[in-house]
Undergrad: 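After the C-alpha coordinates below, expect a handful of questions from me.
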There are 2 protein chains.
Amino acid sequence: MKQELIKKIPHKTIERLSQYRRALLLCYDKGQTYIFSHEIANIQHITAVQVRRDLMLIGYSGNLRRGYNIKDLIDLISEIIDNPDGQKVAVFGMGNLGRALSKYFKDRREKLSIVAGFDVNPDKVGKSYYGVPCFHIDDAKEIIAREGIKIGIITVPGAYAVETAKLLVEYGIKGILNYTPTPVEVPEGIFLEEYDMVTSLEKVAFYVKEAK
Amino acid sequence: MKQELIKKIPHKTIERLSQYRRALLLCYDKGQTYIFSHEIANIQHITAVQVRRDLMLIGYSGNLRRGYNIKDLIDLISEIIDNPDGQKVAVFGMGNLGRALSKYFKDRREKLSIVAGFDVNPDKVGKSYYGVPCFHIDDAKEIIAREGIKIGIITVPGAYAVETAKLLVEYGIKGILNYTPTPVEVPEGIFLEEYDMVTSLEKVAFYVKEAK
DNA sequence: TTTGCACTGTTAAAGTAATAACAAACTATG
DNA sequence: CATAGTTTGTTATTACTTTAACAGTGCAAA
(Lines give C-alpha, C1' and ligand atoms only; values in the text may rest on other atoms or scores of the structure.)
Protein backbone atom coordinates (compact mmCIF):
# COMPACT_ATOMS: atom_id res chain seq x y z
CA MET A 1 0.00 0.00 0.00
CA LYS A 2 1.51 3.24 -1.18
CA GLN A 3 1.94 6.12 1.23
CA GLU A 4 0.36 8.70 -1.09
CA LEU A 5 -2.72 6.54 -1.46
CA ILE A 6 -3.16 6.26 2.28
CA LYS A 7 -3.01 10.02 2.67
CA LYS A 8 -6.05 10.36 0.42
CA ILE A 9 -8.31 8.01 2.33
CA PRO A 10 -11.17 10.04 3.86
CA HIS A 11 -11.59 10.02 7.63
CA LYS A 12 -14.94 8.31 7.33
CA THR A 13 -13.44 5.50 5.32
CA ILE A 14 -10.77 4.95 7.96
CA GLU A 15 -13.51 4.59 10.54
CA ARG A 16 -15.38 2.11 8.41
CA LEU A 17 -12.24 0.09 7.73
CA SER A 18 -11.92 -0.44 11.46
CA GLN A 19 -15.51 -1.66 11.54
CA TYR A 20 -15.10 -3.85 8.48
CA ARG A 21 -12.14 -5.55 10.09
CA ARG A 22 -14.12 -6.28 13.20
CA ALA A 23 -16.94 -7.83 11.20
CA LEU A 24 -14.45 -9.75 9.08
CA LEU A 25 -12.67 -11.14 12.13
CA LEU A 26 -15.96 -12.53 13.39
CA CYS A 27 -16.65 -14.20 10.07
CA TYR A 28 -13.11 -15.52 9.86
CA ASP A 29 -13.40 -17.07 13.31
CA LYS A 30 -16.55 -18.82 12.15
CA GLY A 31 -14.56 -20.42 9.34
CA GLN A 32 -15.92 -18.30 6.49
CA THR A 33 -13.31 -17.64 3.81
CA TYR A 34 -15.02 -15.34 1.29
CA ILE A 35 -17.56 -12.57 1.73
CA PHE A 36 -19.63 -10.34 -0.58
CA SER A 37 -19.86 -6.59 -0.27
CA HIS A 38 -23.54 -6.80 0.59
CA GLU A 39 -22.80 -9.22 3.41
CA ILE A 40 -20.37 -6.77 4.96
CA ALA A 41 -22.92 -4.02 4.44
CA ASN A 42 -25.63 -6.01 6.21
CA ILE A 43 -23.49 -6.39 9.31
CA GLN A 44 -22.81 -2.68 9.50
CA HIS A 45 -25.33 0.05 8.76
CA ILE A 46 -24.22 0.85 5.28
CA THR A 47 -24.78 -0.01 1.67
CA ALA A 48 -22.88 -2.47 -0.46
CA VAL A 49 -21.81 0.38 -2.73
CA GLN A 50 -20.19 2.16 0.17
CA VAL A 51 -18.23 -0.98 1.02
CA ARG A 52 -17.04 -1.48 -2.55
CA ARG A 53 -16.10 2.16 -2.84
CA ASP A 54 -14.08 2.04 0.37
CA LEU A 55 -12.29 -1.10 -0.74
CA MET A 56 -11.58 0.49 -4.08
CA LEU A 57 -9.91 3.38 -2.27
CA ILE A 58 -7.53 1.04 -0.50
CA GLY A 59 -6.84 -0.77 -3.75
CA TYR A 60 -8.24 -4.16 -2.87
CA SER A 61 -9.78 -6.28 -5.58
CA GLY A 62 -12.21 -9.04 -4.84
CA ASN A 63 -13.10 -12.13 -6.76
CA LEU A 64 -15.96 -11.52 -9.12
CA ARG A 65 -17.70 -14.71 -8.29
CA ARG A 66 -16.83 -15.37 -4.69
CA GLY A 67 -16.46 -11.85 -3.33
CA TYR A 68 -13.59 -10.81 -1.08
CA ASN A 69 -11.07 -13.10 0.54
CA ILE A 70 -11.61 -12.47 4.24
CA LYS A 71 -8.10 -13.28 5.38
CA ASP A 72 -6.46 -11.12 2.72
CA LEU A 73 -8.76 -8.22 3.43
CA ILE A 74 -8.15 -8.39 7.17
CA ASP A 75 -4.42 -8.37 6.51
CA LEU A 76 -4.65 -5.41 4.16
CA ILE A 77 -6.78 -3.35 6.51
CA SER A 78 -4.41 -4.20 9.36
CA GLU A 79 -1.48 -3.12 7.25
CA ILE A 80 -3.17 0.22 6.71
CA ILE A 81 -4.49 1.05 10.15
CA ASP A 82 -2.15 -0.78 12.50
CA ASN A 83 1.30 0.32 13.48
CA PRO A 84 3.60 -2.65 12.79
CA ASP A 85 5.54 -1.94 15.98
CA GLY A 86 2.39 -1.68 18.05
CA GLN A 87 0.92 1.38 19.67
CA LYS A 88 0.74 1.97 23.41
CA VAL A 89 -2.14 3.80 25.04
CA ALA A 90 -2.64 5.30 28.50
CA VAL A 91 -5.89 6.23 30.23
CA PHE A 92 -5.99 9.39 32.31
CA GLY A 93 -8.63 9.13 34.98
CA MET A 94 -9.41 5.66 36.31
CA GLY A 95 -13.02 6.33 37.22
CA ASN A 96 -15.87 4.23 35.89
CA LEU A 97 -15.21 5.28 32.32
CA GLY A 98 -11.47 4.74 32.52
CA ARG A 99 -11.98 1.28 33.95
CA ALA A 100 -14.65 0.50 31.34
CA LEU A 101 -12.13 1.26 28.60
CA SER A 102 -9.40 -0.73 30.33
CA LYS A 103 -11.64 -3.74 30.53
CA TYR A 104 -12.89 -3.29 27.04
CA PHE A 105 -9.53 -3.19 25.30
CA LYS A 106 -8.02 -5.98 27.37
CA ASP A 107 -6.42 -8.34 24.84
CA ARG A 108 -8.59 -7.13 22.01
CA ARG A 109 -5.95 -5.92 19.62
CA GLU A 110 -2.49 -7.26 19.20
CA LYS A 111 -1.15 -3.94 17.95
CA LEU A 112 -3.01 -1.58 20.22
CA SER A 113 -3.06 -1.89 23.97
CA ILE A 114 -3.71 0.15 27.06
CA VAL A 115 -0.58 -0.24 29.13
CA ALA A 116 -1.13 2.27 31.92
CA GLY A 117 -3.77 4.17 33.83
CA PHE A 118 -3.28 7.36 35.81
CA ASP A 119 -5.23 8.91 38.64
CA VAL A 120 -4.76 11.19 41.62
CA ASN A 121 -6.78 9.09 44.04
CA PRO A 122 -4.34 7.32 46.41
CA ASP A 123 -6.81 4.44 46.80
CA LYS A 124 -6.48 3.66 43.12
CA VAL A 125 -2.75 4.25 42.65
CA GLY A 126 -0.84 1.00 42.93
CA LYS A 127 -3.86 -1.11 42.08
CA SER A 128 -4.46 -2.82 38.77
CA TYR A 129 -7.74 -2.78 36.85
CA TYR A 130 -8.34 -5.50 34.28
CA GLY A 131 -4.61 -5.87 33.88
CA VAL A 132 -3.96 -2.14 33.56
CA PRO A 133 -1.74 -0.83 36.36
CA CYS A 134 -2.78 2.49 37.87
CA PHE A 135 -0.06 5.06 38.57
CA HIS A 136 -0.12 8.51 40.11
CA ILE A 137 -0.41 11.27 37.56
CA ASP A 138 2.81 12.75 38.94
CA ASP A 139 4.68 9.78 37.50
CA ALA A 140 3.10 10.17 34.07
CA LYS A 141 6.04 11.94 32.48
CA GLU A 142 8.48 9.23 33.34
CA ILE A 143 6.19 6.31 32.48
CA ILE A 144 5.07 7.79 29.17
CA ALA A 145 8.70 8.24 28.15
CA ARG A 146 9.84 4.85 29.42
CA GLU A 147 7.00 2.91 27.80
CA GLY A 148 6.90 4.97 24.63
CA ILE A 149 3.21 5.75 25.04
CA LYS A 150 1.93 7.82 22.13
CA ILE A 151 -1.83 7.90 22.73
CA GLY A 152 -3.77 9.25 25.68
CA ILE A 153 -7.44 8.83 26.55
CA ILE A 154 -8.81 11.55 28.79
CA THR A 155 -11.50 10.38 31.20
CA VAL A 156 -10.85 12.75 34.09
CA PRO A 157 -13.67 15.01 35.35
CA GLY A 158 -14.42 17.75 32.82
CA ALA A 159 -12.96 20.46 35.00
CA TYR A 160 -9.49 18.91 34.68
CA ALA A 161 -9.64 18.09 30.98
CA VAL A 162 -7.80 21.16 29.73
CA GLU A 163 -4.86 20.89 32.07
CA THR A 164 -4.61 17.14 31.52
CA ALA A 165 -4.45 17.62 27.75
CA LYS A 166 -1.75 20.22 28.19
CA LEU A 167 0.31 17.83 30.31
CA LEU A 168 -0.05 15.00 27.82
CA VAL A 169 1.21 17.12 24.97
CA GLU A 170 4.11 18.27 27.11
CA TYR A 171 4.97 14.67 27.92
CA GLY A 172 5.11 13.65 24.28
CA ILE A 173 1.67 12.19 23.58
CA LYS A 174 0.82 12.43 19.85
CA GLY A 175 -2.85 11.52 19.82
CA ILE A 176 -5.61 12.35 22.28
CA LEU A 177 -9.06 10.89 22.66
CA ASN A 178 -11.05 13.24 24.89
CA TYR A 179 -14.15 11.74 26.49
CA THR A 180 -14.91 14.66 28.75
CA PRO A 181 -17.57 17.18 27.73
CA THR A 182 -14.95 19.94 27.89
CA PRO A 183 -13.22 20.73 24.59
CA VAL A 184 -9.43 20.93 24.80
CA GLU A 185 -6.83 22.62 22.64
CA VAL A 186 -3.82 20.89 21.15
CA PRO A 187 -0.98 22.29 19.07
CA GLU A 188 -0.49 21.53 15.39
CA GLY A 189 0.67 18.00 14.76
CA ILE A 190 -1.19 16.39 17.66
CA PHE A 191 -4.23 14.43 16.58
CA LEU A 192 -7.33 15.14 18.63
CA GLU A 193 -10.61 13.26 18.67
CA GLU A 194 -13.38 14.34 21.00
CA TYR A 195 -16.56 12.58 21.88
CA ASP A 196 -19.20 13.98 24.08
CA MET A 197 -21.80 11.66 25.57
CA VAL A 198 -24.01 14.50 26.72
CA THR A 199 -24.41 15.79 23.20
CA SER A 200 -25.19 12.32 21.89
CA LEU A 201 -27.89 11.74 24.45
CA GLU A 202 -29.40 15.17 23.89
CA LYS A 203 -29.42 14.50 20.18
CA VAL A 204 -31.32 11.26 20.67
CA ALA A 205 -33.75 13.05 22.97
CA PHE A 206 -34.32 15.71 20.33
CA TYR A 207 -35.13 13.29 17.55
CA VAL A 208 -37.35 11.22 19.81
CA LYS A 209 -39.28 14.36 20.64
CA GLU A 210 -39.53 15.36 16.98
CA ALA A 211 -40.73 11.93 15.89
CA LYS A 212 -43.82 12.21 18.02
CA MET B 1 -40.08 28.30 16.99
CA LYS B 2 -41.98 26.88 14.07
CA GLN B 3 -42.18 23.16 13.55
CA GLU B 4 -41.22 23.26 9.87
CA LEU B 5 -38.13 25.26 10.69
CA ILE B 6 -37.00 22.72 13.26
CA LYS B 7 -37.33 19.91 10.75
CA LYS B 8 -34.77 21.56 8.53
CA ILE B 9 -32.05 21.93 11.12
CA PRO B 10 -29.13 19.69 10.13
CA HIS B 11 -28.03 16.94 12.51
CA LYS B 12 -24.69 18.59 12.99
CA THR B 13 -26.33 21.83 14.03
CA ILE B 14 -28.42 20.00 16.60
CA GLU B 15 -25.24 18.58 18.08
CA ARG B 16 -23.61 21.97 18.19
CA LEU B 17 -26.66 23.56 19.81
CA SER B 18 -26.27 21.13 22.67
CA GLN B 19 -22.64 22.19 23.00
CA TYR B 20 -23.44 25.88 22.70
CA ARG B 21 -25.93 25.57 25.51
CA ARG B 22 -23.38 23.91 27.73
CA ALA B 23 -20.86 26.67 27.09
CA LEU B 24 -23.54 29.31 27.59
CA LEU B 25 -24.64 27.83 30.89
CA LEU B 26 -21.08 28.10 32.17
CA CYS B 27 -20.88 31.75 31.14
CA TYR B 28 -24.30 32.44 32.59
CA ASP B 29 -23.30 30.94 35.92
CA LYS B 30 -20.30 33.24 35.93
CA GLY B 31 -22.63 36.21 35.64
CA GLN B 32 -21.96 37.04 32.00
CA THR B 33 -25.06 38.36 30.22
CA TYR B 34 -23.99 38.84 26.60
CA ILE B 35 -21.61 36.90 24.38
CA PHE B 36 -20.17 37.31 20.86
CA SER B 37 -20.15 34.59 18.24
CA HIS B 38 -16.37 34.41 18.32
CA GLU B 39 -16.42 33.88 22.06
CA ILE B 40 -18.70 30.88 21.68
CA ALA B 41 -16.49 29.65 18.86
CA ASN B 42 -13.38 29.90 21.01
CA ILE B 43 -14.88 27.69 23.68
CA GLN B 44 -15.77 24.99 21.18
CA HIS B 45 -13.63 23.93 18.22
CA ILE B 46 -15.43 25.87 15.58
CA THR B 47 -15.45 29.18 13.76
CA ALA B 48 -17.53 32.24 14.55
CA VAL B 49 -19.19 31.92 11.15
CA GLN B 50 -20.37 28.45 11.99
CA VAL B 51 -21.92 29.75 15.20
CA ARG B 52 -23.70 32.60 13.46
CA ARG B 53 -24.95 30.31 10.73
CA ASP B 54 -26.32 27.84 13.27
CA LEU B 55 -28.06 30.60 15.19
CA MET B 56 -29.48 31.95 11.95
CA LEU B 57 -31.00 28.52 11.28
CA ILE B 58 -32.84 28.58 14.58
CA GLY B 59 -33.97 32.13 13.93
CA TYR B 60 -32.19 33.86 16.78
CA SER B 61 -31.03 37.41 16.34
CA GLY B 62 -28.32 38.93 18.42
CA ASN B 63 -27.59 42.47 19.36
CA LEU B 64 -25.28 44.09 16.86
CA ARG B 65 -23.20 45.75 19.48
CA ARG B 66 -23.33 43.42 22.44
CA GLY B 67 -23.69 40.05 20.73
CA TYR B 68 -26.15 37.43 21.94
CA ASN B 69 -28.15 37.56 25.13
CA ILE B 70 -27.00 34.47 26.96
CA LYS B 71 -30.18 33.86 28.91
CA ASP B 72 -32.43 34.25 25.87
CA LEU B 73 -30.25 31.99 23.78
CA ILE B 74 -30.17 29.29 26.44
CA ASP B 75 -33.94 29.44 26.63
CA LEU B 76 -34.36 29.23 22.88
CA ILE B 77 -31.99 26.29 22.50
CA SER B 78 -33.74 24.57 25.39
CA GLU B 79 -37.09 25.15 23.73
CA ILE B 80 -35.77 23.45 20.61
CA ILE B 81 -33.92 20.46 21.99
CA ASP B 82 -35.66 19.77 25.27
CA ASN B 83 -38.97 18.06 25.69
CA PRO B 84 -41.12 20.37 27.83
CA ASP B 85 -42.51 17.40 29.75
CA GLY B 86 -39.06 15.96 30.36
CA GLN B 87 -37.58 12.84 28.88
CA LYS B 88 -36.80 9.70 30.85
CA VAL B 89 -33.83 7.49 30.05
CA ALA B 90 -32.84 3.98 31.12
CA VAL B 91 -29.43 2.33 30.99
CA PHE B 92 -29.21 -1.30 30.00
CA GLY B 93 -26.12 -2.89 31.46
CA MET B 94 -24.85 -1.48 34.76
CA GLY B 95 -21.20 -2.33 34.22
CA ASN B 96 -18.48 0.29 34.42
CA LEU B 97 -19.83 2.16 31.42
CA GLY B 98 -23.43 2.09 32.59
CA ARG B 99 -22.40 3.40 36.00
CA ALA B 100 -20.19 6.04 34.41
CA LEU B 101 -23.20 7.37 32.51
CA SER B 102 -25.43 7.21 35.57
CA LYS B 103 -22.94 9.25 37.54
CA TYR B 104 -22.36 11.61 34.70
CA PHE B 105 -25.97 12.57 34.08
CA LYS B 106 -26.87 12.80 37.74
CA ASP B 107 -28.69 16.11 38.14
CA ARG B 108 -27.16 17.56 35.00
CA ARG B 109 -30.28 18.29 33.01
CA GLU B 110 -33.63 19.24 34.35
CA LYS B 111 -35.45 17.82 31.33
CA LEU B 112 -33.40 14.72 30.73
CA SER B 113 -32.66 12.16 33.40
CA ILE B 114 -31.65 8.57 33.79
CA VAL B 115 -34.34 7.06 35.98
CA ALA B 116 -33.51 3.37 35.85
CA GLY B 117 -30.72 0.91 35.23
CA PHE B 118 -31.10 -2.74 34.25
CA ASP B 119 -28.81 -5.71 34.61
CA VAL B 120 -28.93 -9.49 34.95
CA ASN B 121 -26.35 -9.70 37.74
CA PRO B 122 -28.20 -10.45 41.02
CA ASP B 123 -25.48 -8.60 42.95
CA LYS B 124 -26.40 -5.39 41.18
CA VAL B 125 -30.18 -5.74 41.09
CA GLY B 126 -31.77 -3.91 44.00
CA LYS B 127 -28.78 -1.64 44.47
CA SER B 128 -28.64 1.99 43.49
CA TYR B 129 -25.76 3.64 41.63
CA TYR B 130 -25.41 7.40 41.85
CA GLY B 131 -29.10 7.67 42.51
CA VAL B 132 -30.10 5.35 39.67
CA PRO B 133 -31.88 2.22 40.92
CA CYS B 134 -30.86 -1.03 39.26
CA PHE B 135 -33.59 -3.50 38.29
CA HIS B 136 -33.53 -6.92 36.74
CA ILE B 137 -33.90 -6.88 32.99
CA ASP B 138 -36.94 -9.15 33.34
CA ASP B 139 -38.78 -6.24 34.93
CA ALA B 140 -37.87 -3.84 32.14
CA LYS B 141 -41.18 -4.10 30.30
CA GLU B 142 -43.22 -3.10 33.29
CA ILE B 143 -40.90 -0.34 34.47
CA ILE B 144 -40.49 1.20 31.04
CA ALA B 145 -44.26 1.36 30.68
CA ARG B 146 -44.89 2.61 34.20
CA GLU B 147 -42.23 5.33 34.09
CA GLY B 148 -42.86 6.29 30.49
CA ILE B 149 -39.22 5.77 29.54
CA LYS B 150 -38.64 6.62 25.91
CA ILE B 151 -34.85 6.42 25.57
CA GLY B 152 -32.53 3.50 26.18
CA ILE B 153 -28.75 3.43 26.41
CA ILE B 154 -27.22 0.06 25.62
CA THR B 155 -24.07 -0.72 27.57
CA VAL B 156 -24.38 -4.48 27.83
CA PRO B 157 -21.56 -6.69 26.49
CA GLY B 158 -21.47 -6.60 22.68
CA ALA B 159 -22.73 -10.15 22.36
CA TYR B 160 -26.07 -9.15 23.89
CA ALA B 161 -26.53 -5.85 22.07
CA VAL B 162 -28.79 -7.13 19.30
CA GLU B 163 -31.24 -8.92 21.54
CA THR B 164 -31.30 -6.02 23.99
CA ALA B 165 -32.15 -3.57 21.21
CA LYS B 166 -34.92 -5.86 20.05
CA LEU B 167 -36.38 -5.98 23.54
CA LEU B 168 -36.25 -2.22 23.95
CA VAL B 169 -38.15 -1.64 20.74
CA GLU B 170 -40.72 -4.22 21.79
CA TYR B 171 -41.13 -2.47 25.13
CA GLY B 172 -41.83 0.88 23.54
CA ILE B 173 -38.46 2.66 23.56
CA LYS B 174 -38.29 5.31 20.81
CA GLY B 175 -34.62 6.24 20.83
CA ILE B 176 -31.56 4.08 21.34
CA LEU B 177 -27.98 5.05 22.06
CA ASN B 178 -25.83 2.01 21.43
CA TYR B 179 -22.39 2.06 23.04
CA THR B 180 -21.47 -1.51 22.22
CA PRO B 181 -19.24 -2.23 19.24
CA THR B 182 -21.98 -4.40 17.75
CA PRO B 183 -24.33 -2.62 15.33
CA VAL B 184 -28.02 -3.21 15.98
CA GLU B 185 -31.10 -2.97 13.78
CA VAL B 186 -34.17 -0.94 14.60
CA PRO B 187 -37.43 -0.56 12.70
CA GLU B 188 -38.50 2.62 10.94
CA GLY B 189 -39.45 5.38 13.34
CA ILE B 190 -37.01 4.44 16.10
CA PHE B 191 -34.07 6.80 16.32
CA LEU B 192 -30.73 5.05 16.60
CA GLU B 193 -27.36 6.53 17.44
CA GLU B 194 -24.32 4.31 17.68
CA TYR B 195 -20.91 5.11 19.00
CA ASP B 196 -18.03 2.74 18.92
CA MET B 197 -15.03 3.40 21.15
CA VAL B 198 -12.89 0.83 19.41
CA THR B 199 -13.22 2.60 16.09
CA SER B 200 -12.40 5.94 17.67
CA LEU B 201 -9.26 4.64 19.28
CA GLU B 202 -8.15 2.87 16.12
CA LYS B 203 -8.73 6.06 14.20
CA VAL B 204 -6.51 8.02 16.58
CA ALA B 205 -3.88 5.29 16.33
CA PHE B 206 -3.99 5.51 12.54
CA TYR B 207 -3.49 9.25 12.37
CA VAL B 208 -0.75 9.14 14.98
CA LYS B 209 1.03 6.55 12.88
CA GLU B 210 0.58 8.61 9.71
CA ALA B 211 1.84 11.80 11.32
CA LYS B 212 5.22 10.25 11.96
C1' DT C 1 -22.17 -21.77 -27.36
C1' DT C 2 -24.97 -18.31 -25.85
C1' DT C 3 -27.94 -16.27 -22.55
C1' DG C 4 -28.90 -14.67 -18.05
C1' DC C 5 -27.56 -13.76 -13.50
C1' DA C 6 -24.92 -11.86 -9.77
C1' DC C 7 -21.24 -9.78 -8.64
C1' DT C 8 -17.32 -6.11 -8.78
C1' DG C 9 -15.04 -1.62 -9.93
C1' DT C 10 -15.48 2.99 -11.44
C1' DT C 11 -17.41 7.22 -12.90
C1' DA C 12 -21.20 10.52 -12.46
C1' DA C 13 -24.60 12.86 -9.75
C1' DA C 14 -26.80 14.32 -5.66
C1' DG C 15 -26.88 15.61 -1.08
C1' DT C 16 -24.83 17.53 3.05
C1' DA C 17 -21.76 20.47 5.55
C1' DA C 18 -18.21 23.98 6.18
C1' DT C 19 -16.03 28.11 4.69
C1' DA C 20 -15.70 32.47 2.52
C1' DA C 21 -17.47 36.83 1.20
C1' DC C 22 -19.89 40.73 1.97
C1' DA C 23 -23.77 43.96 2.93
C1' DA C 24 -26.17 46.08 6.72
C1' DA C 25 -26.40 47.94 11.25
C1' DC C 26 -25.01 50.00 15.32
C1' DT C 27 -22.02 52.61 18.42
C1' DA C 28 -18.33 55.26 19.89
C1' DT C 29 -15.47 58.98 18.91
C1' DG C 30 -13.53 62.98 17.11
C1' DC D 1 -22.53 64.92 12.11
C1' DA D 2 -19.51 62.04 9.65
C1' DT D 3 -16.33 58.29 10.00
C1' DA D 4 -14.09 54.16 11.54
C1' DG D 5 -14.50 49.99 13.72
C1' DT D 6 -16.85 45.92 15.03
C1' DT D 7 -20.26 42.56 14.76
C1' DT D 8 -24.32 40.35 12.89
C1' DG D 9 -27.10 37.93 9.16
C1' DT D 10 -27.23 35.97 4.74
C1' DT D 11 -25.86 34.38 0.26
C1' DA D 12 -22.33 32.18 -2.60
C1' DT D 13 -18.72 29.01 -3.01
C1' DT D 14 -16.10 25.20 -2.07
C1' DA D 15 -15.25 20.80 -0.03
C1' DC D 16 -16.64 16.47 1.48
C1' DT D 17 -19.59 12.33 1.58
C1' DT D 18 -22.95 9.32 0.00
C1' DT D 19 -25.80 7.41 -3.40
C1' DA D 20 -26.82 6.19 -8.04
C1' DA D 21 -25.76 4.42 -12.53
C1' DC D 22 -23.65 1.39 -15.33
C1' DA D 23 -20.03 -1.14 -17.80
C1' DG D 24 -17.29 -5.25 -17.32
C1' DT D 25 -16.59 -10.01 -16.00
C1' DG D 26 -17.01 -14.71 -14.90
C1' DC D 27 -19.85 -18.60 -14.06
C1' DA D 28 -23.79 -21.69 -14.63
C1' DA D 29 -27.18 -23.63 -17.08
C1' DA D 30 -29.88 -24.40 -21.07
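Labels below follow one simple rule: chain letters A, B, ... track the order of the sequence lines, proteins then strands, and each chain is numbered from 1.
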Undergrad: Would you kindly compare Tyr60(B) and Arg52(A) by the position of their nearest DNA chain D nucleotide and give the one closer to the 5′ end?
TA: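 Whichever sits nearer the 5' end wins; that is Tyr60(B).
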Undergrad: Phe92(B) and ring-ring contact (aromatic ring centres under 6.0 Å, His included): which single residue from Tyr160(B), Phe135(B), Phe118(B), Tyr171(B) fits?
TA: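 Running ring-ring contact (aromatic ring centres under 6.0 Å, His included) over Tyr160(B), Phe135(B), Phe118(B), Tyr171(B) with Phe92(B) returns exactly one hit, Phe118(B).
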Undergrad: Side chain of Arg65(B) only, please: which of dT7(D), dT6(D), dG9(C) is the nearest?
TA: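 When the side chain of Arg65(B) is considered, dT6(D) is the closest of dT7(D), dT6(D), dG9(C).
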Undergrad: Could you tell me whether the side chain of Ile58(A) reaches within less than 4.5 Å of the side chain of Leu76(A), counting heavy atoms only?
TA: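 They are in contact (side-chain heavy atoms under 4.5 Å apart), so the answer is yes.
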Undergrad: Looking at dA17(C), dT8(D), dT8(C), which one has an atom nearest to any side-chain atom of Tyr68(B)?
TA: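 It is dT8(D).
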Undergrad: Please determine, for the side chain of Gln50(A), which listed nucleotide (dT7(D), dG26(D), dT18(D)) has the closest atom?
TA: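 The answer is dT18(D), which lies nearest to the side chain.
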Undergrad: Counting the atoms with a prime plus P, OP1 and OP2 as sugar-phosphate, which does His11(A) contact under 4.0 Å by heavy atoms, base, sugar-phosphate, or nothing?
TA: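 It contacts nothing in the nucleic acid.
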Undergrad: Classify the angle between the aromatic ring planes of Tyr179(A) and Tyr195(A) as parallel (below 30°), tilted (30 to 60°) or perpendicular (above 60°).
TA: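 Plane angle over 60°, so perpendicular.
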Undergrad: Given atom NE2 of His38(A) and atom P of dA6(C), what is their separation to the nearest angstrom?
TA: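 The answer, rounded to whole Å, is 10 Å.
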Undergrad: Ile35(A) has an atom CD1; how far is it from atom C1' of dT8(C), in whole Å?
TA: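 The answer, rounded to whole Å, is 15 Å.
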Undergrad: Contact class for Arg66(A) vs. all strands (heavy atom < 4.0 Å): base, sugar-phosphate, or nothing?
TA: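 Contact class for Arg66(A): none.
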Undergrad: Ignoring hydrogens and angles, answer whether the base of dT19(D) and the side-chain atoms of Arg53(A) contain a donor-acceptor pair closer than 3.5 Å.
TA: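 Indeed there is one.
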Undergrad: Can you tell which of dA18(C), dG9(C), dT7(D) lies closest to the side chain of Met56(A)?
TA: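 Between dA18(C), dG9(C), dT7(D), the one nearest the side chain of Met56(A) would be dG9(C).
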Undergrad: Quickly work out the Leu64(B) CG to dG5(D) P distance and round it to whole Å.
TA: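 Whole-Å distance recorded here is 16 Å.
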Undergrad: To the nearest Å, how far apart are Lys12(A) NZ and dA17(C) C1'?
TA: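 Going from Lys12(A) (NZ) to dA17(C) (C1'), I get 11 Å.
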Undergrad: Are the side chain of Thr155(A) and the backbone of Gly93(A) linked by a donor-acceptor contact shorter than 3.5 Å?
TA: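 A pair under 3.5 Å: yes.
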Undergrad: Is any side-chain N or O of Ser61(B) closer than 4.0 Å to OP1 or OP2 of dT8(D)?
TA: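 So the side chain of Ser61(B) is outside the cut-off, no N or O lying under 4.0 Å from OP1 or OP2 of dT8(D).
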Undergrad: Asp54(A) CG to dT10(C) C1': how many Å, rounded?
TA: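 Taking atom C1' of dT10(C) as the reference, CG of Asp54(A) is at 14 Å.
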Undergrad: Would you call Asp196(B)-Arg22(A) a salt bridge at under 4.0 Å N-O?
TA: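 Salt bridge between Asp196(B) and Arg22(A), a charged N being under 4.0 Å from a carboxylate O: yes.
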Undergrad: Tell me which nucleotide among dA17(C), dT8(C), dA18(C) gets nearest to the side chain of Pro10(B).
TA: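 My answer, after comparing the listed nucleotides, is dA17(C).
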Undergrad: Using whole Å, report how far CD of Glu39(A) lies from C1' of dT8(C).
TA: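 In whole Å, dT8(C) C1' lies 14 Å from Glu39(A) CD.
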Undergrad: What is the separation between atom CD1 on Ile58(B) and atom C1' on dT10(D), rounded to the nearest whole Å?
TA: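 The answer, rounded to whole Å, is 16 Å.
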Undergrad: Do the side chains of Arg21(A) and Glu202(B) get close enough for a salt bridge, i.e. N-O under 4.0 angstrom?
TA: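 So Arg21(A) pairs with Glu202(B) through a salt bridge.
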Undergrad: Classify Thr13(A) by what it touches in the nucleic acid, base, sugar-phosphate, or nothing, heavy-atom distance under 4.0 Å.
TA: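 Contact class for Thr13(A): none.
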Undergrad: Verify the contact: side-chain N or O of Tyr34(B) to OP1 or OP2 of dT7(D), cut-off strictly under 4.0 Å; return yes or no.
TA: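 Answer no for this pair, as no side-chain N or O of Tyr34(B) is under 4.0 Å from OP1 or OP2.
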Undergrad: Taking the minimum atom-to-atom distance to the side chain of Val49(B), which one of dT8(C), dT10(D), dA25(C) wins?
TA: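 Shortest atom-to-atom distance from the side chain points to dT10(D).
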Undergrad: Could you tell me the separation between the CZ atom of Phe36(B) and the C1' atom of dC26(C), rounded to a whole number of Å?
TA: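 To the nearest whole Å, that distance equals 12 Å.
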